[in-house]
Every structure is written in structure tokens, then in C-alpha cells.
Amino acid sequence: MEQNTKIYVAGHRGMVGSAIVRRLQREDNVEIVTRTHAELDLTDQAAVNAFFAGEKIDQVYLAAAKVGGIHANNTYPAEFIYQNLMIEANVIHAAHLNDVQKLLFLGSSCIYPKLAEQPMREEALLTGPLEPTNEPYAVAKIAGIKLCESYNRQYGRDYRSVMPTNLYGPNDNFHPENSHVIPALMRRFHEAKLRGDRQVVVWGTGTPRREFLHVDDLADAAVFVMNLDEETYHAHTEPMLSHINVGTGVDCTIRELAEAMKEVVGFQGEIVWDANKPDGTPRKLLDVSKLHRLGWKATIPLKAGLKDTYEWFLKHQNEFRK
Ligand SMILES: NC(=O)C1=CN([C@@H]2O[C@H](COP(=O)(O)OP(=O)(O)OC[C@H]3O[C@@H](n4cnc5c(N)ncnc54)[C@H](OP(=O)(O)O)[C@@H]3O)[C@@H](O)[C@H]2O)C=CC1
Ligand SMILES: C[C@H]1O[C@H](OP(=O)(O)OP(=O)(O)OC[C@H]2O[C@@H](n3cnc4c(=O)[nH]c(N)nc43)[C@H](O)[C@@H]2O)[C@@H](O)[C@@H](O)C1=O
């Protein structure tokens, strides 16, 4: 009988971690290990070392992080850089010390320069200044990629990184100010519809362009990249350029997103723009040709994904995190 692969999904109650757990539950011979934030604070090095020493983990999906939208990143920069650096350093180092064979680090498309050529290729990393609203978070995410590459180069580890574009889906954070644009607008349009409001305020100018990926697609891509054989993975990456973009290859303006959200939720009023709120990066579209060449493509179109997420939203409104 084949032995189970013991897989630790860090951040399993978050949007990405929960989607990875759902995806892994479809695999055979897999034992999934989880800990809540209350059970294991990943910024606590001693606790992380004790956890890895006590569990003989084969693989790690590192989906635990301090995460938020443009306002949260801009308001709490110290938390975003400190917590993310600590989580990554503790988990990746403890994985190495305890001989974990494979690890997948979740980065973000905000690692690329604010004005990177579009669509953004993996090679754009460290070629220019970052977007100021999320620079501390992006610096921590770049450190995560470099941690993986350093343990690979020095100790022959097989620690990989994926850079997802902006994500959405079940178990997202629907906080009115600190969330990302999709959950924020879904909740705002929904509550405005219930109250019969005439207007909904949307941040910025509506002109920035973003690429949105459903989290179930991301989870599938994460498992796909983790399971690529070493020869294939190394044929498509370099020791010091090892990360792989994950996206749809399609973007839209925030204005187009807001119109789509209004329709999905069924809000009848008008959209007004608050140009005092930051726009952030003018455009973030990933070049996903590397992942396409490897054999993976996104499957969930934005409109279908928004409808699916709104159905989830309607069923789980009372369970949202604070
Ligand atoms: N959402 C997006 O649009 C994108 C996300 N990503 C990346 O995907 C990953 C997951 O993001 P996402 O699922 O959206 O984020 P969530 O906030 O939904 O989930 C993060 C999870 O990490 C946990 N966590 C945070 N800090 C700690 C800690 N110190 N110890 C233990 N657990 C902790 C949280 O638990 P608790 O809530 O209890 O603190 C939560 O369950 C991140 O690395 C993020 O950078 C990348 C691109 C886009
Ligand atoms: C994933 C990514 O997420 C963040 O960067 P971002 O791409 O700017 O993501 P966002 O979803 O917060 O905003 C996208 C756009 O949408 C506009 N917008 C309109 N109205 C609302 C609104 O109500 N809320 C939010 N959050 N944005 C709004 C907003 O002004 C911006 O132009 C970083 O945390 C970064 O670190 C990161 O990794």
C-alpha cells in the first residue's frame, strides 16, 4: 500500500488555504495537517520549531499571511512587513531543519515594480520601484521567494513559489475597509440593495486595471505546481528566478468590475467615485505564458466566479470574520 503524503496547509481557515484543502481532499493518499492561528502563532519561532519537530511533515503549502486590500496595506505597514517576514522565515527555516521535502510559498503580483511592462513577466522582479501603498508587504513577499531560493541553492531543497494575481471567492475577507475590492464591493452593493440606497460609493477613479482569479483556480494551480516533477520544474525556472505567475491573462478596469458587481448583486442605483481614495498601481496583469507552457490554464470566467461567490456570500453572511 502506498504511504500517505503528510501535507501541512498553513492558513487553512483563510480564503486560499481553505481552497487548497478542498482541492487536496480530492487527492488519494494524502493526510492534511492544519492548525488554527490560536493553536499555532506562526510568528512564534519556538512554537513553529516545536510543531515541525513533532509532526513528520512531507509538504507545506504556505498560505498563512497578513493579508488585506489597498487601505489596510497603507494603514498598517508595520504589521504587514513584520508579520509576513516572521511567518515566512519561521516556517521555511523550520521546514528545512525538519527535512520537509517540498514547500510551496504563496507570494503576490504586487512584488513587481509599480510601472512594470505589461503583462508582467517573472523576469520583472527587482527591476524598479514598488507601489508605495503596499511596498512593505511586497518586500516581505520578495523575501519569501528569496528564502526559498536560498535554501534550494545552499541545501538542495525543492521549495517553490507561485505569484497569484488578485484573488476572490469563498471564505474571502468581507471587511468594509480592510478587504480587497471584490469582497468590499459585493458587501457594499448588497447592503445598499437591502436598504434601497440610490448610490454606492466606489474608491478611486475607476481607471486602474486588475486581473482577478477565482481561488478554486488558484488552488488547482498551486497543487499543479507543487506536483510538477523536478526535471520539468527546473526546465522552466532558474535557481535565482524560480517563481511562477498564476493568473487568467485577462484584466478589466475597476469601473468594469463595479458594473459587473452591480449586475450580479442586482443593485438598481448609481455608482459614484471617491477620487480621494488611492488608485494604487495603474495596471497589474500577469504574463502567464510560463504556466501555460507547463500545461495549466484558468477555467473560471470572472462573471461566473462573481455569481458563485455571491451565492456563497448569501449563505455565510453571519459567519464573516471581524
Ligand atoms: N487575497 C488575495 O487577493 C491574494 C492573496 N495572495 C496570497 O495568498 C495567501 C493567502 O491569502 P488569503 O487566503 O487571501 O488571506 P486570508 O487572510 O484569507 O488567510 C490568511 C490566513 O493566515 C492566517 N494567519 C495570519 N497570521 C497568522 C499567524 N501569525 N499564525 C497563524 N496563522 C496566521 C489567518 O488566520 P487569522 O485570520 O486567524 O489571523 C488566515 O487564516 C497569502 O500569502 C497572500 O499573500 C496572493 C495574491 C492575492
Ligand atoms: C492583491 C493585492 O491587493 C492590494 O492591492 P490592490 O491590487 O490595489 O487591491 P485592492 O483590491 O485593495 O484594490 C484594487 C483597486 O480597486 C479599487 N477599489 C475601489 N473600491 C474599493 C473598495 O471598496 N475596497 C478596495 N480594497 N479597493 C477598492 C482600489 O482603489 C484599487 O484601485 C494590496 O494589498 C496588494 O498588496 C495585493 O497583493
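Ligands are counted one by one from 1 in listed order, and the atoms in each one are counted from 1 as well. Quick caveat, the model's predicted, so the values are computed rather than measured.
- Using a cut-off of 4.0 Å between Lys/Arg side-chain N and Asp/Glu carboxylate O, E55 and R35 are scored as salt-bridged.
- At a 4.0 Å heavy-atom cut-off, ligand 2 touches N73 through the side chain alone.
- At a 3.5 angstrom cut-off on N or O pairs, I87 does not count as close to ligand 1.
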Take K297 and D220 through the test salt bridge (charged side-chain N to carboxylate O under 4.0 Å, His left out) and record every step on the way to the result. CA-CA 10 Å; K297 277 190 178 165; D220 195 59; over 6 Å; no
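- Residue G107 places a heavy atom under 4.0 Å from ligand 1.
- Counting heavy atoms only, H180 comes closest to atom 4 (C) of ligand 2 of the residues H180, R187, R210, R255.
- For L40, the closest heavy-atom approach to ligand 1 falls below 4.0 Å.
- Below 4.0 Å from some heavy atom of V16 lie the following atoms of ligand 1, by number and element: 8 (O), 10 (C), 11 (O), 12 (P), 13 (O).
- Under a 3.5 Å cut-off, the side chain of D229 and the backbone N or O of T232 do form a donor-acceptor pair.
- Residue M15 has at least one N or O atom closer than 3.5 Å to an N or O atom of ligand 1.
- Taking every non-hydrogen atom of G69 and a distance limit under 4.0 Å, the qualifying atoms of ligand 2 come out as 12 (O), 34 (O).
- Contacts of A258 with ligand 2, taken as heavy-atom pairs under 4.0 Å, are absent altogether.
- Under a 4.0 Å N-O distance rule, the pair D216/R23 does not qualify as a salt bridge.
- For ligand 2 and R188, the ligand atoms under 4.0 Å from any heavy atom of the residue are 22 (C), 23 (O).
- Contacts with ligand 2 closer than 4.0 Å are made by heavy atoms of both the backbone and the side chain of W203.
- By the 4.0 Å heavy-atom criterion, D41 is counted among the residues contacting ligand 1.
- Judged purely by atom type and a 3.5 angstrom limit, H96 has no side-chain atom pairing as donor or acceptor with the backbone of R157.
- Rounded to the nearest 0.5 angstrom, L24 CG and E31 CD are separated by 12.5 Å.
- Within ligand 2, the atoms closer than 4.0 Å to a non-hydrogen atom of G68 are 33 (C), 34 (O), numbered from 1 in the order shown.
- Residue E238 qualifies as open at atom CD: its count of foreign heavy atoms under 6.0 Å is 12 or below.
- Close N/O approach between H37 and ligand 1 is found [any backbone or side-chain N/O within under 3.5 Å].
- Sorted by first then second residue, the ring-ring contact (aromatic ring centres under 6.0 Å, His included) pairs that include residues 244-285, not counting sequence neighbours, are F189-F267.
- Nearest protein neighbour of atom 5 (O) of ligand 2, counting heavy atoms only, is K284 NZ, 3.6 Å.
- Residue-ligand proximity, I254 to ligand 2, at heavy-atom distances under 4.0 Å covers atoms 15 (C), 16 (O).
- The main-chain N or O of K284 is never found under 3.5 Å from a side-chain atom of T281 such that the two would form a donor-acceptor pair.
- The backbone of P278, and not its side chain, has at least one atom closer than 4.0 Å to an atom of ligand 2 (non-hydrogen atoms only; backbone = N, CA, C, O).
- Remark: ligand 2 atoms within the under-4.0 Å shell around heavy atoms of S108 are 37 (C), 38 (O).
- The residue K277 has no part lying near ligand 2, judged by heavy-atom distances below 4.0 Å.
- Counting only heavy atoms from C-beta outward, the side chains of I92 and Y151 approach each other to under 4.5 Å.
- Within the cation-pi definition used here (under 6.0 Å to the ring centroid, within 45° of the axis), R160 qualifies as a partner of Y233.
- Counting heavy atoms closer than 4.0 Å to ligand 2, residue H71 contributes nothing at all.
- Residue Y137 places a heavy atom under 4.0 Å from ligand 1.
- Close approach to P208 involves these atoms of ligand 2, each under 4.0 Å from a residue heavy atom: 32 (O).
- Polar contact check, L42 against ligand 1: a nitrogen or oxygen pair lies under 3.5 Å apart.
- For the ligand labelled ligand 1, residue H12 lies outside the 4.0 Å heavy-atom shell.
- A centroid separation of 6.0 Å or more is found between the aromatic rings of F105 and Y61.
- Residue contacts with ligand 1 include T165, since one or more of its heavy atoms lies under 4.0 Å from the ligand.
- For ligand 1, the polar-atom distance check finds no N/O of L62 at less than 3.5 Å from any of the ligand's N/O atoms.
- Not one N or O on the side chain of E311 forms a donor-acceptor pair closer than 3.5 Å with the backbone of D308.
- Residue-to-ligand polar distances keep V202 apart from ligand 2: every N/O pair is separated by 3.5 Å or more.
- Heavy atoms of other residues, nucleotides or ligands lying less than 6.0 angstrom from CZ of R195 number more than 12.
- Remark: ligand 1 atoms within the under-4.0 Å shell around heavy atoms of T43 are 29 (N).
- Among all protein heavy atoms, the one lying closest to atom 31 (C) of ligand 2 is D279 O, 3.4 Å.
- Heavy atoms of R13 approach ligand 1 to within less than 4.0 angstrom.
- Rounding to the nearest 0.5 Å places NE2 of H243 at 9.0 Å from CD1 of I142.
- Counting only distance, with no hydrogens or angles, the side chain of K303 and the backbone of A260 share no donor-acceptor pair below 3.5 Å.
- At a threshold of 4.5 Å between non-hydrogen side-chain atoms, the residues H71 and N178 count as touching.
- Under 4.0 angstrom from ligand 2, the non-hydrogen atoms of V181 come from both its backbone and its side chain.
- If you number the atoms of ligand 1 from 1 as listed, the ones under 4.0 Å from a heavy atom of G14 come out as 13 (O), 16 (P), 18 (O), 19 (O), 41 (O).
- Numbered from 1 in the order shown, with element, the atoms of ligand 1 that lie under 4.0 Å from a heavy atom of V67 read 11 (O), 14 (O), 15 (O), 17 (O), 42 (C), 44 (C).
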